[in-house]
Structure formats: structure tokens, C-alpha cells
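Given the structure is predicted, the values throughout are model-derived calculations rather than measurements.
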Amino acid sequence: MSVTYVDTTNISTEMFITVLLFLIVIAPLFSLAILRFFQGKKKSGFLLIGTGFVVYLVYKVSMNLLF
């Protein structure tokens with residue numbers, strides 16, 4: 001079994017920061033939404049899902065404009 005490595009030297013700083021913000025903001029929103037659904041707080045869960053979706057759209061637009 002051979003081990004392969006991913007070459008990350010060609011990733012720009014701007015793209016790295018953008019992806020990092022995506023992981024810091026959007027992923028927790030969806031995780032909190034699932035938690036709210038299990039707690040029975042549907043309104044709060046749907047609000048978090050909607051917020052995550054809006055942030056995702058902003059992320060996609062910024063990625064298309066910048067990169």
C-alpha cells in the first residue's frame with residue numbers, strides 16, 4: 001500500500017482563508033440546526049438551516065467573483 005500526499009503549495013492565501021471561513025461558519029450552522037431539531041425547536045432549526053443556506057450562497061458568489 002502506497003501513501004500519497006496532496007500537493008497544497010498552489011493554493012492561494014485568499015482561497016485558503018475563504019475555505020477556512022466556510023468551514024468555521026457554515027458547518028457549525030448546520031450542526032446546530034440538527035441539534036435544535038432533536039431538541040424539538042423546529043423554528044430555530046429552520047432559521048439556522050436558512051442562515052446556513054444564505055451564507056453558502058454568499059460563499060459561492062464570492063468564490064465565483066474572486067477565483
Side-chain angles (χ1 to χ4, degrees):
M1 177 182 215
S2 67
V3 176
T4 59
Y5 296 100
V6 178
D7 183 24
T8 58
T9 57
N10 295 328
I11 296 176
S12 67
T13 306
E14 294 85 9
M15 184 161 186
F16 177 77
I17 291 171
T18 306
V19 171
L20 184 65
L21 287 175
F22 171 74
L23 292 174
I24 289 174
V25 174
I26 296 174
L29 283 174
F30 285 113
S31 296
L32 283 174
I34 292 170
L35 178 67
R36 299 291 183 209
F37 284 133
F38 279 119
Q39 291 175 344
K41 301 176 181 178
K42 291 183 180 180
K43 184 178 178 182
S44 177
F46 283 120
L47 183 64
L48 287 168
I49 291 273
T51 305
F53 186 69
V54 168
V55 173
Y56 173 72
L57 290 177
V58 169
Y59 169 76
K60 289 295 285 184
V61 168
S62 68
M63 288 300 285
N64 286 334
L65 291 176
L66 297 175
F67 304 105

Participant: If I take atom CG from residue Leu20 and atom OG1 from residue Thr13, how far apart are they, to the nearest 0.5 angstrom?
Facilitator: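 Taking CG in Leu20 and OG1 in Thr13, the distance rounds to 12.0 Å.
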Participant: To the nearest 0.5 Å, how far apart are CG in Leu47 and CG in Leu29?
Facilitator: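 The distance works out to 9.5 Å.
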Participant: Calculate, to the nearest 0.5 Å, the distance between atoms CD1 and CZ belonging to Ile49 and Phe53 respectively.
Facilitator: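 So the gap between those two atoms works out to 11.0 Å.
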Participant: Minimum heavy-atom separation for Gly45 and Ala33, please, with both atom names.
Facilitator: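 Closest pair (atom of Gly45, atom of Ala33, distance): O-CB, 3.5 Å.
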Participant: What's the separation between atom NZ in Lys41 and atom CG in Leu48, rounded to the nearest 0.5 Å?
Facilitator: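 Interatomic distance, Lys41 NZ to Leu48 CG, rounded to 0.5 Å: 10.5 Å.
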Participant: Quick one: which of Leu21, Val19, Val25 gives a side-chain contact (heavy atoms from CB on, under 4.5 Å) with Tyr59?
Facilitator: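 Looking at Leu21, Val19, Val25, the match for Tyr59 under the side-chain contact (heavy atoms from CB on, under 4.5 Å) is Val19.
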Participant: Consider only side-chain heavy atoms of I, L, V, M, F, W and Y, link residues closer than 4.5 Å, and tell whether Leu23 and Tyr56 are in one cluster.
Facilitator: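 Yes, one cluster joins them.
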Participant: Can you tell me how far the OG atom of Ser44 sits from the NZ atom of Lys42, to the nearest 0.5 Å?
Facilitator: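 The OG atom of Ser44 sits 13.0 Å away from the NZ atom of Lys42.
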Participant: Answer yes or no: does atom CZ of Phe30 have more than 12 heavy-atom neighbours from other residues, nucleotides or ligands under 6.0 Å?
Facilitator: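 For Phe30, atom CZ is crowded (more than 12 foreign heavy atoms under 6.0 Å).
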Participant: Can you measure from CD1 (Ile26) to CG (Leu57) and round to the nearest 0.5 angstrom?
Facilitator: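 So the CD1 of Ile26 and the CG of Leu57 are separated by 9.0 Å.
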